[in-house]
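As the structure lists them, so they are numbered: ligands from 1, and atoms in each ligand from 1. In this chain, residues are counted from 1 in sequence order.
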Amino acid sequence: MALIALVLLQSVAALAWGNEGHTAINRVAAQKIPASMPRFLRRAVAEIAYLGPEPDSWRSPSEFALKNAQEPDHFIDLERVSWLDPLPPGRYEFYRKLYDKRASTLAHPDNDHPDDYLPERVGLQPYITIEVYGRLKAAFREYRQRLATHQPTHAAQQAIIFYAGWLGHYVADGSQPLHTTIQYNGWVGPNPNGYTTQHTIHAQFETAYVAANITANDFAGLVKIPERLDDPFTQYIAYLKQSNGLVENVYGLEKAGGFTGKGSPAAFDFTTHRLAAGSQMLLNLWYTAWLESAAPLPEHGPPASATK
Ligand SMILES: [Zn+2]
């Protein structure tokens, strides 16, 4: 029985925030959509909340190609890209930089394992996030155009709700410090503070502790009106770095027993603020996508490269 429990625990270890946390982050953000945004979206709280955990249902071995393609979207090991600042704006430039790094590490394999620089090992968190953000912005633009030309908007609304909910998953993953680090599930390397090396801290924090102790109401009050982001990608990276800066806090709280059973006040305060940070960034991205979607498309010049 203990073995079964352990296997179950490990199988959910990579889900990030678990179903409860993901649903709550999306729900709180949706409840805070301002009156200046479309009414259909403000009424879609239940649908957006439902979609919070959606990408975690794409990780089953029964759909191998899907699992394989999108699993790296849920995390980034920022320590592995500390030499790459700023991160390039597109995922294929990022791949190229990583393969170059891997090649130079193959030539000088001092401390690092070359394969640690494979894109799928480093993780692609900020790229999928900005890509889904782009889909949402494009869908908002289509919706505006249909409104302006008096065409039906129902299908465009459905697309927007899906993209908004889907986006929420990755933004929420980014607020979980253990999704931004090589210290993802048990401390590795020098360990002067004696943090746990067990492969259980990830699920204990984000799934078991949150499910047992925190609801959407516990952090809704921490989420403020949205702010327009001047540079969504750069600001999203800063958000991930801030999250990464809190990795040791998670380990310290675990060491003090903060996530065991009912947990500690310090663990509750820390976790509610992390969940709120996820909702706030999500709300800011929705708001920014809506505002940016009003800008006319740039004039089409000659294509930069041939498109297939
Ligand atoms: Zn995830």
Side-chain angles (χ1 to χ4, degrees), residues 8-30 47-78 80 91 94 119-133 135-136 162-186 199-211 214 216 219 236-237 239-244 246-247 250 271 274-283 285-286:
L8 284 173
L9 203 63
Q10 285 179 338
S11 72
V12 297
L15 294 182
W17 291 129
N19 277 347
E20 287 79 5
H22 274 296
T23 303
I25 285 174
N26 271 24
R27 180 182 303 283
V28 168
E47 291 91 334
I48 290 170
Y50 167 84
L51 288 165
E54 183 74 358
D56 283 336
S57 70
W58 304 336
R59 309 179 73 162
S60 164
S62 61
E63 291 82 41
F64 174 79
L66 175 63
K67 174 180 167 65
N68 183 263
Q70 65 86 52
E71 209 137 53
D73 293 344
H74 299 253
F75 66 91
I76 184 166
D77 291 352
L78 285 174
R80 297 244 189 262
R91 73 161 62 212
F94 184 59
E120 63 270 33
R121 295 255 186 109
V122 171
L124 301 163
Q125 229 288 310
Y127 293 99
I128 186 67
T129 304
I130 204 67
E131 289 158 9
V132 181
Y133 170 82
R135 289 179 171 105
L136 176 64
F162 177 74
Y163 293 136
W166 180 19
L167 178 64
H169 183 88
Y170 304 115
V171 177
D173 279 353
S175 74
Q176 209 292 42
L178 302 189
H179 273 247
T180 67
T181 179
I182 58 171
Q183 308 296 355
Y184 140 83
N185 194 19
H199 303 312
T200 49
I201 182 173
H202 195 106
Q204 182 189 13
F205 168 47
E206 71 177 18
T207 303
Y209 171 73
V210 172
I214 296 179
F219 66 93
Y236 189 74
I237 304 284
Y239 160 82
L240 292 177
K241 287 183 176 174
Q242 186 191 30
S243 196
N244 179 264
L246 297 170
V247 169
V250 180
T271 309
R274 281 290 82 210
L275 293 161
S279 281
Q280 186 72 65
M281 176 52 80
L282 177 57
L283 182 59
L285 285 168
W286 289 340

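A salt bridge links Glu71 to Lys67: at least one charged side-chain nitrogen sits closer than 4.0 Å to a carboxylate oxygen.
When the Zn ion (ligand 1) is compared with the N/O/S atoms of His169, atom NE2 turns out nearest. The atom name of the N/O/S atom in Asp173 closest to the Zn ion (ligand 1) is OD2. Residue His74 approaches the Zn ion (ligand 1) most closely through its N/O/S atom ND1.
The aromatic rings of His169 and His22 sit parallel, their planes meeting at an angle under 30°, below the 60° perpendicular limit.
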Show, in sequence, the C-alpha distance, side-chain angles and deciding distance for Leu275 and Trp17, and conclude whether the side-chain contact (heavy atoms from CB on, under 4.5 Å) test is met. CA-CA 9 Å; Leu275 293 161; Trp17 291 129; 3.7 Å; yes
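Under the 3.5 Å distance criterion, the side-chain polar atoms of Glu63 are left unmatched by any main-chain donor or acceptor of Trp58.
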